[in-house]
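One structure is given here, and the rest of the page talks about it.
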Amino acid sequence: MSLREISLSIENELLAQRYARIAEVEKLGYRSYGQRFDFTHTIPQILKDFSPRTAEELAGTRVEVKITGRIFTIRRMGKAGFAHLMQLGEKLQIYIKKDAVTEREFALYQLLDLGDIIGVWGYLFRTRTGELSVHVEGLTFLSKTLLSMPEKFHGLEDVELRYRQRYLDLIANPDVMNVFRVRARIISSLRRQLESRGFVEVETPMMQPLYGGAAARPFVTHHNTLDIDLYLRIAPELYLKRLIVGGLERVYEINRNFRNEGISTQHNPEFTMLEFYQAYTDYLGLMDLSVELLRETAIDATGAPAVKYGEVTLDFSRIRRFTIREAVIEFWKEDLTRPSTDNVRDPEWLARYSHRHTPGEQLVEIFERVAESHLIEPTIIHEYPVETSPLSKNNPADPAFVDRFEIYAAGMEIGNAYTELNDPQEQRRRFEMQLGMRERGDDEAHQMDEDYVRALCYGMPPTGGEGIGIDRLAMLLTNRQSIRDVILFPLLRPEGPIGIAGELRALENGGK
RNA sequence: GGGCCGGUAGCUCAGUCGGUAGAGCAUUUGACUUUUAAUCAAAGGGUCGCGGGUUCGAGUCCCGCCCGGCUCACCA
């Protein structure tokens, strides 16, 4: 036997032990991969409904329950034993003693491994130490675990394993399950609020022949029958506004965007965006709507409008508002002389502090450098320069600026909104300006979308539109510092060979 | 892509100056009919991420690579 073969057979030892248990379970007349099990209560229901009951109350009125769960801990003591079953992130103790179950059932209990899924029935009681428990009067087997569970005390800490094997993360770390429950509540809250305001949920193409609606590099794919390249969308914006032209008036979409760019604690190549468009309003109307949406979402998701995020508190019932120029002045830290309101309007001053091409780009770059990381408490920043906003409407008083705002919290951009540009002639000029930037080497500049311009030629009502990054909002409302902690399966490099199929094949062939 | 940090038993982690690879949980065997990170007694389990190099000798030092985390740049 080579060293390699020896180590392989040793690695298989745990797996082989558990695989052998399957035959023993079946010898007792149970199925190792079970059948339907009609429980009377979930574990969270029992904890919620019966935690207030005292030991005397439980002894007085017998409460019969039939429950299921995965074995999280087991403590065997000869002719009796305790175990904790885990279901939906919560644990309930069960007590099994030889006298109270059949011989066959006790034999089954003795075969159980951590991680097995079983069903038990019996009555509720409190142990000597007061823990609510099920006094088991019968049990059955529902599913076998062949691999060993993560450590019961520390859970699964290896972040790589947690992301690659999210199922294990969910089994071992109950708070992870809660993160994704809160995320689901965020999305359903937003849906409910938008629908109560008359918004219609729509689905627009994920695969687009022309990508647009944002500045980003796309993923490219190919359709064989049509023999055309398609882009995974970087934003749904231009399609949603076509629907506004078509008269839908209030539309929204919650779905994935794909951007072929860096990965970080705040960026995943696919991410979820809410975009909504409301005809006959403008960015100021959306500002008020955003404030309400965010406050209600925070309450629905967490129970309160203010949440702890790391060391700070984010209060979504008190959202500050600054213009981008006010923010530069407010958060200026670069030297002792704070810029004046005249400075931030002065192209020469802007050029002194930024090497970007135009005053607008310079202003945005200065803002991002001096202010963005200080926008911890929820803050609305408004009045953006036209150069960086090719789809927004000009401010009537100052055409170098557009009627646009962004929402920041914890130093992250979580929303972006503007009065939509609905003048086809101006939109054509903006696209041409973007084409110029593209020729100068900006490969994230917008492409000309003639069908979109044609749609505007039919007349789009004055409209406000907004996008909210769902993943980032979920980070804020679940107190997670990385976007990967709010995405069930974040993108990672594929792992190497796993080898489980070979090990299972070896077991089937009798260990060889 | 740059910088910093990490990868040791199924899991959580130690490993000193380069000198026989360790603990807890999990596993196996035995004891135990109210335990709860159960306890007690014993046992088994290692490609120290991968590949080179230096050395009498490498988990440890050097080089390259793989995977991950944080961070900077870019972006939402």
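Each chain gets a letter, A, B and so on, in the order the sequences are listed, and its residues count up from 1.
- Across A:Asp158, A:Asp485, A:Asp169, a single residue satisfies side chain to side chain donor-acceptor pair (under 3.5 Å) together with A:Tyr163, and that is A:Asp485.
- Taken from OG1 in A:Thr297 to CG in A:Leu190, the straight-line distance is 3.5 Å, to the nearest 0.5 Å.
- With both ends at atom P, the span from B:A41 to B:C25 equals 11 Å, rounded to whole Å.
- A ring-centre distance under 6.0 Å is found for A:Phe331 and A:Phe322.
- Within 6.0 Å of CZ in A:Arg256 there are 12 or fewer heavy atoms belonging to other residues, nucleotides or ligands.
- In terms of position along RNA chain B, the nucleotide closest to A:Leu161 lies nearer the 5' end than the nucleotide closest to the other residue of the pair A:Lys98 and A:Leu161.
- Ionic pairing of A:Glu253 and A:Arg233 is present here: one or more N-O contacts between side-chain nitrogen and carboxylate oxygen are shorter than 4.0 angstrom.
- Residue A:Arg472 has no polar side-chain atom (N or O) positioned under 4.0 Å from OP1 or OP2 of B:A76.
- For the OP1/OP2 pair of B:G10 and a distance below 4.0 Å, the side-chain nitrogens and oxygens of A:Arg18 include no atom meeting the criterion.
- Considering only the side chain of A:Glu13, B:G44 comes nearest among B:G44, B:U28, B:U27.
- Contact annotation: A:Thr265 side-chain N/O to B:U71 OP1/OP2 distance is under 4.0 Å.
- Residue A:Arg75 places a side-chain atom within donor-acceptor reach of the base of B:U35, judged by atom type and a 3.5 Å distance cut-off alone.
- Close to B:C74, at under 4.0 Å from its OP1 or OP2, lies no side-chain N or O of A:Ser264.
- As judged by a 4.0 angstrom heavy-atom cut-off over every strand, A:Gly496 is placed among residues making no nucleic acid contact.
- Residues of residues 138-151 of chain A having a heavy atom closer than 4.0 Å to RNA chain B, listed by number: A:Ser148, A:Pro150, A:Glu151.
- Between B:A73 and B:A37, the distance separating the two P atoms is 47 Å to the nearest Å.
- The side chain of A:Arg76 contributes no N or O atom lying less than 4.0 Å from OP1 or OP2 of B:A38.
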Would you write out the dot-bracket form of RNA chain B, 5' to 3', with Watson-Crick and G-U pairs under 3.5 Å, [ ] for crossing pairs, | for pairs to other strands and . for unpaired bases?
-> (((((((..((((.....[..)))).(((((.......))))).....(((((..]....))))))))))))....

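- Phosphate proximity of B:U34 to A:Lys97: absent, as no side-chain N or O sits under 4.0 Å from OP1 or OP2.
- Relative ring orientation between A:His446 and A:Phe431 is described as tilted, the plane-to-plane angle lying within the 30° to 60° band.
- Remark: A:Arg76 qualifies as a cation-pi partner of A:Tyr109 under the 6.0 Å distance and 45° angle criteria applied to the six-membered ring.
- By the 5.5 Å and 30° criteria, A:Phe82 is not stacked with the base of B:A38.
- Pairs engaging residues 403-418 of chain A under the salt bridge (charged side-chain N to carboxylate O under 4.0 Å, His left out) rule: A:Arg404-A:Glu406 [sequence neighbours left out].
- The residues A:Lys79 and A:Asp99 are annotated as not salt-bridged, no charged nitrogen and carboxylate oxygen being separated by less than 4.0 angstrom.
- Take the nearest nucleotide of RNA chain B for A:Arg126 and for A:Asn416: the residue whose nucleotide is more 5' is A:Arg126.
- For the pair A:Arg128 and B:A38, the criterion of a side-chain N or O lying under 4.0 Å from OP1 or OP2 is not met.
- Side chain A:Gln93 to base B:U35: a donor-acceptor pair is found below 3.5 Å.
- Between A:Phe405 and A:Tyr283, the ring planes are tilted. Angles from 30° to 60° get that label.
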